[in-house]
Amino acid sequence: MEPCMPIDTKGRPIILIGLMGSGKTTIGKELSKMTGMPLIDMDSIIEEQIGKKISDIFRDEGEGHFRALETALLRYIEDDTIVSGKGAVIISTGGGVVLKAINREILHRMGFVVWFNVDVPTLLERTSRSQNRPLLQSPDRFDILTRLHRERTPLYAEAAHLRLDSSNISIQDTVPLIHEAALKFFA
Ligand code: S3P
């Protein structure tokens, strides 16, 4: 499909944040097709760099190590895109990227940050078959997602420029909403 919705982001990224199962990767792919902007998936880059699945990094090195890798990658992306001027990309983040204040700062200043706020039952359904999410490898996924939703909502709110309550919005309808908001943001 030819891109039909180009956006002049002035060399800056569109960044997608939200809990596991909120649609960052799926919507990121669609937005990438429609705008012609390349998609960067932070979790995939970390897996490639380390040569291990996220779940294995959590198991072998611990969550703290994974969080340090996330921050290092964000710093690298920010420096690299500023220097190269090639920052017109879509960045799909891991759900916990907002946990550190420094990450929230970097995200907010680097580009246009879109937060997919999705209700817990929808998150539960969308993550039900996931095997590669270490934080959800437990029978009480509903309780875990409820807690993460409560704890992280203020953190997503701090990092984001746009909150989309997207539990009941289709991908087809979400992409134009982001497109319109991004045009205004970068105008
Ligand atoms: C995490 C979310 C995951 C991944 C890791 C930790 C989290 O990414 O980064 O398992 O803390 O919410 P997705 O949001 O893409 O599943």
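Each ligand, and each atom within it, is numbered from 1 in the order the structure gives.
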Any nitrogen or oxygen of Gly18, main chain or side chain, under 3.5 Å from a nitrogen or oxygen of ligand 1?
-> no
Going by the atom numbers of ligand 1, which of them fall below 4.0 Å from some non-hydrogen atom of Leu135?
-> 7 (C), 11 (O)
Numbered atoms of ligand 1 (with element) below 4.0 Å of Phe66, judged on heavy atoms = 9 (O)
Which residues satisfy the side-chain hydrogen bond (donor to acceptor under 3.5 Å, both in side chains) test with Arg67, sequence neighbours excluded?
-> Glu63, Glu70
Which distance, rounded to the nearest 0.5 Å, do you find between the CE of Met20 and the CG of Leu124?
-> 11.0 Å
Which of the atoms in ligand 1, numbered in the order shown and given with their element, are less than 4.0 Å from a heavy-atom of Arg67?
-> 6 (C), 7 (C), 11 (O)
Looking at Gln137, Glu47, Lys53, which one forms a side-chain hydrogen bond (donor to acceptor under 3.5 Å, both in side chains) with Asn132?
-> Glu47
Where the closest heavy atom to atom 15 (O) of ligand 1 is concerned, which of Thr25, Asp43, Val98, Ile46 has it?
-> Asp43
Closest to atom 1 (C) of ligand 1 (judged by heavy-atom distance), picking from Ser130, Gly96, Gly21 | Gly96
Going by the atom numbers of ligand 1, which of them fall below 4.0 Å from some non-hydrogen atom of Lys24?
-> 13 (P), 14 (O), 15 (O)
Spacing of OG1 belonging to Thr35 relative to CD belonging to Glu30, to within rounding of 0.5 Å | 10.0 Å
Report the nearest protein non-hydrogen atom to atom 5 (C) of ligand 1: residue, atom name, distance rounded to 0.1 Å.
-> Ile54 CG2, 3.9 Å
Protein contact to atom 10 (O) of ligand 1 [nearest heavy atom, distance to 0.1 Å] = Pro134 CD, 3.4 Å
Does any pair with a residue in residues 166-178 pass salt bridge (charged side-chain N to carboxylate O under 4.0 Å, His left out), and if so which ones, sequence neighbours excluded?
-> none
The protein heavy atom nearest to atom 16 (O) of ligand 1 is Arg133 NE, 2.6 Å
Drop me the distance from Asp41's CG to Ser92's OG, to the nearest 0.5 angstrom.
-> 4.5 Å
contact_flag Arg152 ligand 1 heavy-atom lt 4.0 Å | yes
